[in-house]
Amino acid sequence: ARDALLYQKSKEVIRSRMSDYAGKHLWHRASIRLAESARVGGASTTITCSGLANPRSFSPDGDSRLNIELIEKELLGGGTGGYVHRVTCRNHGGREYALKRVRKIAVIDSPKHVFREQEVSREINHFSLMCQHASFQDTHNLYMLFDLMNGCDLMDVLASMVSIKNIPTTSANGQVTHIPTQIGLSEDMARYYAGVVTLAFEYLHDNQIIYRDLKPENVLISLDGKCKLGDFGYAKKLDVGEQAFTFCGTPGYVAPEIVLSKGYGYGVDWWALGVLTYVIVTSQQPFKISNDASEDDQPIKVMRRIVDMTYEVKYPTYASEEVCDFIACLLQRNASR
């Protein structure tokens, strides 16, 4: 009976169950035409290749014979490894997507990041997560077609809405002074973003996936205010009782067990949610509050505070008891809690 239970919780069975739920068994070969926008000093080009696509994204009848025509629009973002463009599907209702292009030469030395994102985003199917609809490649690039979030990311929202207010503060001698204090988003907004991320983590963890890269830049927001969690390059599938050991993530958001190179599990995602909630409400990092700007910029000092049992996170006076308690319950240095 124990062996049967462990088998039902194995990565293979979980992967099969997720595939059935997400409709991966319906993915079929597709002929894809991509009309690229003109580059600087050049003309527009069209590439034609075969790939894989989920018919439910392009055909309500689940037709397995797919011909997808994409028209590349403006650039949404990019980095050293590739770019993301908005694209329109011309022959399937004009729906818009985000097309991620990754240069093959950029992933030759370290392909795991791309392959993990490809595998996880193809299998997931949840409103709080960026889902993949198709993938293909040409001679030089890999392409993945995702949900389009036509707004910005949470870091952009924070940067645009941060404010300075004079907060009354009582000193040790009882004197009240007004101190200019930096304030982030309202707690109602923080409650929404934390709620969506919570639902995303519950879904991922139920399917034995650890996320490991929560930060404002990975919470993508549409123009109507809805958000989704994206970028699954550090996501990893864990078997029953399995732990991860890789150091990854953003220094200010990593849990103590990651810093200490201990084996860790899903708890590191909840720690990161505590940090994210603190950042949303205060627009500051909980472990990066030194008055010395040069010291603040050193990740090693931030991570020392994370593992220092004597270091206490300080909460601003304007933060409610509820949000402080929520954050404190997540920022537990004892991994078992």
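Residue indices begin at 1 and follow the sequence shown. Computed from heavy atoms alone, side chains included, the values below leave out hydrogens, waters and symmetry copies.
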Side chains of [X] and [Y] in contact at under 4.5 Å (non-hydrogen atoms):
{"X": "V197", "Y": "L276", "value": "yes"}
{"X": "Q298", "Y": "K288", "value": "no"}
{"X": "T88", "Y": "L70", "value": "no"}
{"X": "V302", "Y": "Q285", "value": "no"}
{"X": "I164", "Y": "I183", "value": "no"}
{"X": "I32", "Y": "I47", "value": "no"}
{"X": "S320", "Y": "V323", "value": "yes"}
{"X": "F146", "Y": "L99", "value": "no"}

For the residue pair [Y] / [X], report whether a side-chain donor-acceptor contact shorter than 3.5 Å exists.
{"X": "Y143", "Y": "D138", "result": "yes"}
{"X": "T46", "Y": "R33", "result": "no"}
{"X": "Q118", "Y": "Q132", "result": "yes"}

Please check if [X] and [Y] belong to a single hydrophobic cluster, counting links between Ile, Leu, Val, Met, Phe, Trp and Tyr side chain heavy atoms closer than 4.5 Å.
{"X": "L154", "Y": "V279", "result": "yes"}
{"X": "M155", "Y": "Y192", "result": "no"}
{"X": "I280", "Y": "V162", "result": "no"}
{"X": "Y211", "Y": "Y234", "result": "no"}
{"X": "I71", "Y": "L145", "result": "no"}

Got a sec: does the CG of L223 have more than 12 other heavy atoms crowding it under 6.0 Å?
-> yes
Does CZ in F127 sit with more than 12 non-hydrogen atoms of other residues, nucleotides or ligands closer than 6.0 Å?
-> yes
Under a 3.5 Å distance rule, please check whether [X] uses its side chain to pair with a backbone N or O of [Y] as donor and acceptor.
{"X": "S186", "Y": "M189", "answer": "yes"}
{"X": "D206", "Y": "Q208", "answer": "no"}
{"X": "N141", "Y": "Q137", "answer": "no"}
{"X": "H126", "Y": "S128", "answer": "yes"}
{"X": "N218", "Y": "D213", "answer": "yes"}

Mind jotting down which residue pairs meet the side chain to side chain donor-acceptor pair (under 3.5 Å) criterion with at least one end in residues 257-275? Sequence neighbours excluded, please.
-> H205-D269, R212-Y264
Considering all heavy atoms, the nearest [X]-[Y] contact:
{"X": "I210", "Y": "G265", "value": "CD1-O, 3.1 Å"}
{"X": "P111", "Y": "I108", "value": "CD-O, 3.8 Å"}
{"X": "G51", "Y": "F136", "value": "CA-CB, 3.9 Å"}
{"X": "S31", "Y": "T48", "value": "OG-CG2, 4.5 Å"}
{"X": "L142", "Y": "K104", "value": "CD2-CE, 3.8 Å"}
{"X": "S135", "Y": "R122", "value": "OG-NH2, 2.6 Å"}

Restricting to pairs with a member in residues 178-188, which pass salt bridge (charged side-chain N to carboxylate O under 4.0 Å, His left out), not counting sequence neighbours?
-> D188-R191
Residue pairs passing the salt bridge (charged side-chain N to carboxylate O under 4.0 Å, His left out) test with at least one member in residues 82-98, sequence neighbours excluded, are E69-R90, E74-R86, R86-E96, R95-D147
Rounded to the nearest 0.5 Å, what separation is found between the [atom1] atom of [X] and the [atom2] atom of [Y]?
{"X": "M303", "Y": "D308", "atom1": "CE", "atom2": "CG", "value": "14.0 Å"}
{"X": "L66", "Y": "S50", "atom1": "CG", "atom2": "OG", "value": "12.5 Å"}
{"X": "I221", "Y": "C152", "atom1": "CD1", "atom2": "SG", "value": "5.0 Å"}
{"X": "I124", "Y": "N207", "atom1": "CD1", "atom2": "CG", "value": "10.0 Å"}
{"X": "L220", "Y": "N150", "atom1": "CG", "atom2": "CG", "value": "11.0 Å"}
{"X": "S163", "Y": "Q182", "atom1": "OG", "atom2": "CD", "value": "8.5 Å"}

Which residues satisfy the side-chain contact (heavy atoms from CB on, under 4.5 Å) test with V84, sequence neighbours excluded?
-> L76, A98, K100
Step by step, work out the side chain to side chain contact (heavy atoms under 4.5 Å, CB included) result for L229 and L214.
-> CA-CA 8 Å; L229 187 61; L214 183 64; 3.8 Å; yes
Under the side chain to side chain donor-acceptor pair (under 3.5 Å) test, residues paired with D153 that sit two or more places apart | none
Does R101 come within less than 4.0 Å of E72, counting only side-chain N to carboxylate O?
-> yes
Are E123 and K237 close enough for a salt bridge, meaning some N to O gap below 4.0 Å?
-> yes
Yes or no on side chain to side chain contact (heavy atoms under 4.5 Å, CB included) for T246 and I258, after CA distance, side-chain angles and deciding distance?
-> CA-CA 8 Å; T246 304; I258 296 180; over 6 Å; no
Applying side chain to side chain contact (heavy atoms under 4.5 Å, CB included), run through H85 and K73 and close with a yes or a no.
-> CA-CA 6 Å; H85 283 83; K73 302 294 185 179; over 6 Å; no
Please test C89 against I68 for side chain to side chain contact (heavy atoms under 4.5 Å, CB included), starting from the C-alpha separation and ending with a verdict.
-> CA-CA 7 Å; C89 188; I68 302 171; 3.9 Å; yes
Pairs involving residues 312-337, ordered by first then second residue, that meet ring-ring contact (aromatic ring centres under 6.0 Å, His included) (sequence neighbours left out) = Y278-Y315
How about H133 and Y97: are their ring centres within less than 6.0 Å of each other?
-> yes
